[in-house]
Amino acid sequence: MLAFLIQRVLQAIFVMLVVALIAFSLFHYVGDPVLNMVGQEATEADRAELRARLGLDQPVPVQFFQFIANAAQFEFGISYRSARPVTDLIVERLPATLELAIISAIFAVVMGIVLGIYTALNRGNWLSNFIMTASLIGVSLPTFLIGVLLIYVFAVELGWLPAFGRGETVRLGDWWTTGLLTTSGLRSLILPAITLGLFQLTLIMRLVRAEMLEVLRADYIKFARARGLSKRVVNLRHALKNTLIPVITIIGLQLGTIIAFAIITETVFQWPGVGALFITAVRFVDIPVMAAYLMMIALVFVVINLIVDLLYYAVDPRLRVQGGAK
Amino acid sequence: MTFNKTLLATAVIGALLASTAHAETLRWTRSADSLTMDPHSQNEGPTHSVNHQIFDTLLYQDMDVEYQPGLATDWYVHEDDPSVWVFEIREGVTFHEGQALTADDVVFSLNRARHEHADMRGLLTSIVEVRAADDFTVEVVTDGPNPLLPNNLTNLFIMSREWAEEHGVEDPQNYAAGEETHAVRNANGTGPFRVESREPDVRTVFVRNDDYWGIDHYPMEISELIFTPIESASTRVAALLSGEVDLLQESPVQDIERLAQADGIKNEQGAENRTIFLGMRMDLEVLDSADVDSNPFADRRVREAINLAVDATTIQRSVMRGNSEPAGMIAPPFVNGYSEEMDEVLPADVERAQELMSEAGYGDGFRVTLNCSNDRYVNDEQICQAVVSMLARIGITVDLVAQTRSLHFAEMAREEYDFYLLGWGVPTMDSEYVFNYLYHTKEEDRGSWNFTGYSDERVDELTVSMGQEVDEEARNEMIAEAWQIVHDETLYIPIHHQMLTWSMRDDIDFQVQSENTPHFKYLRFNN
């Protein structure tokens with residue numbers, strides 16, 4: 001077990017280093033931050049002087065090792081754009097992204113499973129057909145377009161929900177801010193959560209439906225029916241349970257994706273999360289913020305994968321036998 | 001019963017009083033937030049816009065871009081020494097936190113803005129010394145007569161020395177220090193509004209400063225000002241249409257028509273202080289991106305042919321949907337030295353352009369790369385696409401490279417471009433600024449945005465002396481002469497002056513300011 005764990009952690013560290021290297025080499029293609037940091041009256045000498053103060057005149061390997069050394073201590077420096085510590089910026093923005101991601105994940109999972117079961121059990125009726133057709137839209141429309149459409153319908157035309165922002169927030173503890181406790185916060189959450197969760201919803205729904213149809217054809221379901229168990233018990237206890245195993249794996253993997261892909265939804269809705277922070281940073285060539293964000297997302301994926309691996313290890317006895325034999 | 005009536009009457013009077021005091025909230029949006037509250041560390045538009053609500057400057061440009069007294073009641077050149085500007089400081093002004101304003105605060109602020117970490121120092125390079133002659137008189141010594149010094153002070157905000165010392169922010173933020181200073185998120189100005197709360201990039205709430213020195217001079221009808229930047233253009237427009245914001249500062253060109261038709265919303269338009277033009281590299285022997293063994297741009301006839309082929313009127317109509325003013329010179333009408341004659345746009349003449357190309361020996365045309373930004377100016381990429389097809393008519397095959405601003409300007413600064421798009425504003429409202437940066441030979445501290453390789457002794461000479469000549473008539477003659485020289489050379493291909501559109505609730509009485517800096521103390525509500 002320990003050997004397995006160490007091996008996986010070393011792999012994770014290696015992945016993080018590779019991400020850091022790739023991210024770092026990309027920064028040389030996004031432009032020159034110094035030009036954004038000084039006004040048009042600045043002379044070439046002024047720019048060179050600022051570049052030197054930021055250490056941007058150092059050779060790339062030196063800059064990279066400096067960056068790794070700092071990142072290892074969670075020290076990402078100061079934002080070129082807002083002159084504030086990057087760690088503060090990210091910590092300040094993280095609650096907004098996590099709340100949005102979690103709410104939209106819950107929305108996607110609950111609605112996905114319910115609709116998946118419904119369409120599987122009521123194959124061919126008009127409502128199922130309608131849901132299945134509508135789900136194609138969720139899969140094929142790009143997120144920003146869904147967001148713009150929702151804003152147009154529910155904010156501009158109907159005036160029911162806000163078009164942007166997070167509404168009023170309440171501070172919980174030292175650093176967490178939540179929009180879940182105010183009416184305006186909840187109202188603001190609806191459209192972005194739907195936008196972000198729609199793709200996952202359709203994915204989960206189609207998966208549940210397919211798995212459910214597969215399971216319903218299995219022998220033990222036929223036996224259960226033959227035994228005279230109620231339809232409810234057969235469908236929701238015996239069939240659903242077996243349907244959910246692959247679904248749970250997918251959900252776990254998709255959670256990372258939701259956090260990472262919140263970028264677009266956050267930009268459309270001016271949602272003050274880390275994704276919007278990243279986009280603004282890219283426009284400004286705010287290297288410290290971009291670096292910290294990419295490392296954070298890489299860390300999320302690495303941790304999720306590590307947990308999944310460990311769960312497999314716990315679930316699958318064959319892995320343990322192999323490990324023990326070595 | 002009587003008691004109730006009295007109560008009612010009191011309530012009514014109370015309500016009336018409240019409405020005359022205008023308890024009005026204005027929700028304002030634009031694409032970008034201010035970068036920092038520190039007034040001297042950044043020289044950037046949105047940052048100045050926010051700071052103008054909180055701080056005052058010695059003088060400022062009002063909604064008609066006319067110079068108006070701010071914290072200085074008067075300013076003039078010292079009668080004994082032409083290198084000294086005297087500013088008389090307004091008396092009885094207090095900062096939001098109660099400190100009284102004196103000449104010492106002004107001296108402190110100007111020196112702080114000259115610090116090596118302050119981006120604002122680029123505007124103050126001519127200053128040698130700033131001193132207080134007495135409690136309410138400041139003298140600024142320059143390295144020679146500088147008629148334009150006051151023009152450079154319109155975004156130079158005055159801080160309190162006492163406050164800065166108390167919070168350890170005597171110097172502007174140093175990015176390399178890796179720490180945030182108190183001044184980045186806190187501000188103590190003398191301006192019409194004070195900051196009540198601020199979440200960077202999310203929301204800033206300002207409340208009216210009822211002790212403002214100008215409370216009786218300006219309408220000051222807004223009691224609470226809420227600023228929420230919205231980056232996405234369509235969301236910004238949706239927020240105004242749905243009534244979640246009241247004033248939208250940068251209306252996207254593609255939505256202007258729709259906003260004009262929406263109920264309860266109006267557009268205000270005006271010329272922006274920015275001219276869009278094309279530049280050509282003329283000093284190289286051979287162009288890097290061209291397919292000929294020479295530099296076609298070095299020939300004035302080729303530049304003239306390009307000028308005749310690029311049809312600014314068509315660009316105005318089809319690319320800008322009418323929201324631009326075709327230009328003949330790189331200075332908008334309100335800048336000193338502007339001449340209608342030179343701003344006149346030549347009608348496109350493809351035949352004459354082809355003739356000129358043949359005369360110059362490029363009858364078969366040539367191939368060249370045009371570099372453009374795609375997120376800096378209004379419809380910048382589309383402008384360049386139009387130029388590509390217009391130049392194809394005179395045989396010039398243009399390869400278009402359009403990229404994000406941070407790449408575009410970085411490559412431009414490295415002098416990698418043969419043919420490029422640039423926009424230029426004139427913050428000092430005087431032609432000297434244009435010559436200094438765009439036409440003067442590229443040197444250590446002048447001509448820093450002249451990527452054409454153009455160098456002319458007479459123009460250099462005129463540029464330097466127009467920055468020193470105090471006699472207005474003589475100065476204006478120099479400016480006119482310099483414009484004539486560069487106009488005859490067809491150095492740049494001017495396309496248009498950009499227009500600004502601000503959209504707002506139709507009961508708001510507010511006009512566009514050409515510097516794109518709203519002064520909300522002027523805003524009125526019509527109700």
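Here is how names work: the chains are called A, B, and so on, in the same order as the sequence lines, proteins then strands, and each is numbered from 1.
Nearest heavy atoms, B:A413 versus A:R47: CB-NH1, 4.0 Å. Contact detail for B:S242 and A:A155: the closest heavy-atom pair is CB-O, 3.2 Å. In plain terms, the two heavy atoms of A:T267 and B:S232 that are nearest each other are O-CB, 3.6 Å. In terms of heavy-atom proximity, A:Y80 sits nearest to B:Q42 at O-NE2, 4.4 Å.
In terms of non-hydrogen atom pairs under 4.5 Å with chain A, the most contact-rich of B:V184, B:T181, B:T36 is B:V184. Contact count against chain A (heavy-atom pairs under 4.5 Å) is highest for B:P229 among B:S234, B:P229, B:S41. Contact tally against chain A (heavy-atom pairs below 4.5 Å) for B:V202, B:T47, B:I230, B:L123: the top residue is B:I230. In terms of heavy-atom pairs under 4.5 angstrom with chain B, the leader among A:P162, A:G147, A:A45 is A:P162.
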Practice problem: Start with the C-alpha distance between A:M37 and B:D119, add both sets of side-chain angles, then the distance that settles side chain to side chain contact (heavy atoms under 4.5 Å, CB included), and finish with yes or no. | Solution: CA-CA 8 Å; A:M37 295 170 74; B:D119 194 19; over 6 Å; no

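Within the 4.5 angstrom heavy-atom criterion, no atom of B:H408 approaches chain A. Using a 4.5 Å cut-off between heavy atoms, A:E157 does not touch chain B at all. Only the side chain of B:R121 comes within contact range of chain A, with at least one heavy atom under 4.5 Å from a heavy atom of that chain. For B:V245, the part lying under 4.5 angstrom from a heavy atom of chain A is the side chain only. Contacts of B:F409 with chain A are made by both backbone and side-chain atoms, with heavy-atom separations under 4.5 Å.
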Side chains of residues 178-186 of chain A: which donor-acceptor partners sit under 3.5 Å, not counting sequence neighbours?
residue	atom	partner	partner atom	Å
A:T178	OG1	A:E99	OE2	2.5
A:T178	OG1	A:L180	N	3.0
A:T182	OG1	A:E168	O	2.8
A:T182	OG1	A:G185	N	3.0
A:S184	OG	A:E168	N	2.8

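A 4.5 Å side-chain heavy-atom check between B:E116 and A:D46 finds every atom pair outside the cut-off.
Residue pairs satisfying the salt bridge (charged side-chain N to carboxylate O under 4.0 Å, His left out) criterion with at least one member in residues 229-249 of chain B, sequence neighbours excluded, are listed as follows: A:R283-B:E231, B:R27-B:D246, B:D246-B:R505.
Between B:D201 and A:R81 there is a salt bridge, since a side-chain N of the basic residue sits under 4.0 Å from a carboxylate O of the acidic one.
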